[in-house]
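Chain letters run A, B, ... following the sequence lines, proteins first, then strands; residues in each count from 1.
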Protein chains: 2
Amino acid sequence: MALLVVGAVAFDSIRTPHGKVENVLGGAATYFSVAASRFAPVRVVAAVGEDFGEEQLRVFQDRGVDTTGLERVPGKTFRWSGEYLGDMNEARTLETHLNVFERFSPKIPSSYLDSEFLFLGNIDPVLQLHVRRQLPKARLAALDSMNYWIRGKLAELKKTLAEVDVLVINETEARMLSGNFNLKKAVEVMQKMGPRIVVIKRGEHGVTLFSDSGIFSAPAFPLDEVHDPTGAGDTFAGGFMGHLAKAGDLSDANLRRAVIYGSVMASYAVEEFGLARLLRLTPEEIEARYREFKNLTHFDA
Amino acid sequence: MALLVVGAVAFDSIRTPHGKVENVLGGAATYFSVAASRFAPVRVVAAVGEDFGEEQLRVFQDRGVDTTGLERVPGKTFRWSGEYLGDMNEARTLETHLNVFERFSPKIPSSYLDSEFLFLGNIDPVLQLHVRRQLPKARLAALDSMNYWIRGKLAELKKTLAEVDVLVINETEARMLSGNFNLKKAVEVMQKMGPRIVVIKRGEHGVTLFSDSGIFSAPAFPLDEVHDPTGAGDTFAGGFMGHLAKAGDLSDANLRRAVIYGSVMASYAVEEFGLARLLRLTPEEIEARYREFKNLTHFDA
């Protein structure tokens with residue numbers, strides 16, 4: 001089933017203890033699309049500038065991502081630069097140039113309107129709601145957000161949350177949004193805002209899924225080296241939503257599998273800078289790490 | 001099989017956002033004994049003062065804990081007071097009075113010398129080694145330590161680590177001891193120091209077990225309220241070692257089960273202040289939460 005993602009496409013400059021890259025293709029919608037397209041047909045809505053060329057376009061098109069909604073506008077593509085220090089759990093933003101993203105107003109091509117799965121990447125909640133309402137019949141609408149919107153546009157964010165099924169959010173931001181330190185209570189508060197499914201991203205500590213059917217907790221995959229955590233959360237979301245859209249199965253058992261596929265994709269993403277590892281990932285590697293996750297968490301009843 | 005624990009018995013005064021208690025029985029050896037005695041016969045070695053009375057002794061003896069090695073010496077029992085703020089991941093120590101613990105020199109009763117399982121609680125590594133060497137034939141010797149000894153007695157700690165099979169340690173302290181942020185690398189470094197099995201306690205993020213057979217990651221049990229985290233790590237160690245001593249089975253499958261039993265015990269311990277919840281825990285409750293852990297982590301292959 002078709003999966004629509006709206007969000008940022010960017011050029012990133014990233015420094016970590018393992019090295020640095022300059023102006024590599026990134027952005028939430030990019031990581032999401034590259035990950036999700038391994039599982040289901042993806043349609044992307046984003047704005048890019050005149051510096052977005054054939055090479056970048058091919059990253060999407062080579063994976064069958066529908067780029068009808070990739071709007072090219074005068075000016076430069078969104079640019080972000082940041083660095084990770086120490087345990088690399090959080091990026092320190094060095095520079096942000098919104099460029100064409102500043103006046104981004106997502107336009108949904110008519111050919112996208114039958115998308116059954118929808119992912120509202122981390123953009124202004126007013127725009128997220130605008131997109132959500134153009135796809136009233138989507139079977140599953142999910143949303144990501146961040147501290148910037150929780151602090152600056154809380155009322156708008158709550159209005160948008162009321163109309164989505166799934167919230168995918170970082171642990172720290174869940175606490176901020178809910179005003180609760182305790183994660184179970186934080187999730188109860190957020191579920192009352194709208195989404196019946198809440199997925200808490202905990203970085204190196206994994207992911208916890210809360211739904212009507214209970215709680216499912218998955219660890220992060222233990223890696224020898226995390227080279228670059230950029231895009232890990234969006235890659236997770238891509239694997240998670242991609243797997244759901246592939247099967248169209250929203251059962252608890254399949255939500256759990258989707259969490260693992262999301263975790264598999266994120267675990268590969270951080271092994272190298274930018275999209276590099278994801279772009280040459282094989283189907284066999286995806287399945288192999290899925291099995292490794294099973295071995296990592298299994299114990300006898 | 002008999003399980004010997006050496007460590008602190010204390011009176012704790014604890015303040016958390018949920019309330020406070022004064023001078024309640026605590027200490028690593030106490031939490032460990034209470035938890036482990038649900039699974040296997042426990043023998044305790046510790047020093048207590050003249051303020052340690054019948055009521056406290058009964059906590060051990062009612063659970064069949066052998067208190068031959070509980071040495072009563074002139075003076076007061078070790079006292080600790082601390083408070084937990086915010087997310088309660090770390091205690092702020094308000095006062096420490098070592099009292100009789102200051103000159104603690106563990107004496108192993110001859111009736112303990114055939115103990116097959118040994119847990120060296122978090123005390124001076126010189127004393128840990130002294131105990132370890134008195135039980136050369138123990139099938140499994142485990143050790144806990146902390147930042148205080150890593151900073152102050154690193155050479156002694158390394159000497160002790162060379163003679164144990166299992167290291168049970170907090171995530172932060174694992175990084176400190178190994179000089180590595182990356183957990184897999186940290187564990188490799190620590191395994192080279194001696195222990196072939198390393199158990200990383202990650203607080204609200206659960207526990208990760210590293211052994212020859214690979215890695216096993218268990219989440220913490222999601223609770224509505226954590227009332228008092230005091231003793232959670234020692235309770236985990238008690239459940240973990242207790243289960244191993246019960247079955248005497250050191251297979252990977254049984255180590256994994258032991259991690260879950262330890263996590264079950266710790267999850268109950270933090271529900272109420274001090275030992276309160278552990279003391280009235282039923283066998284049915286232990287098994288019920290074990291099954292809940294299965295449901296929390298299970299996904300289809």
| Which bit of B:Ala218 is near chain A, if near means a heavy-atom gap under 4.5 Å: side chain, backbone, both or neither? | neither

| task | Report the distance from atom CG of A:Leu296 to atom CZ of B:Phe216, rounding to the nearest 0.5 Å. | result | 8.5 Å

| query | Around atom NZ of A:Lys184, are there more than 12 heavy atoms of other residues, nucleotides or ligands at under 6.0 Å? | reply | yes

| query | CZ of A:Arg92: more than 12 outside heavy atoms within 6.0 angstrom? | reply | no

| field | chain A interface, residue from B:Leu255, B:Ile260, B:Leu183 that has the most non-hydrogen pairs under 4.5 Å | value | B:Ile260

| query | What residue in B:Glu292, B:Glu188, B:Glu225 has the most heavy-atom pairs under 4.5 Å with chain A? | reply | B:Glu225

| remark: Cut-off 4.5 Å, heavy atoms of chain B, and the answer for A:Ile215 is both

| note | With chain B, the option among A:Ala220, A:Pro219, A:Pro222 that has the most non-hydrogen atom pairs under 4.5 Å is A:Pro222

| said: Please confirm whether the ring centroid of B:Phe299 lies under 6.0 Å from the ring centroid of A:Tyr290. | reply: yes

| field | Best-contacting candidate, A:Arg257, A:Arg175, A:Glu204, against chain B by heavy atom pairs under 4.5 angstrom | value | A:Glu204

| Heavy-atom side-chain proximity of A:Arg256 to B:Asp300 below 4.5 angstrom | no

| message | Please classify the contact of A:Asn295 with chain B as side chain, backbone, both or neither, using a heavy-atom distance under 4.5 Å. | response | both

| message | Need one label for A:Lys185: side chain, backbone, both or neither, based on atoms under 4.5 Å from any heavy atom in chain B. | response | side chain

| In this structure, are over 12 heavy atoms from other groups packed under 6.0 Å from A:Lys294 atom NZ? | yes

| For B:Asp224, is it the side chain, the backbone, both, or neither that has a heavy atom closer than 4.5 Å to a heavy atom of chain A? | both

| request: Please flag which part of A:Leu223 lies under 4.5 Å from any non-hydrogen atom of chain B: side chain, backbone, both or neither. | output: backbone

| Side chain, backbone, both or neither: which part of A:Glu171 has a heavy atom under 4.5 Å from chain B? | side chain

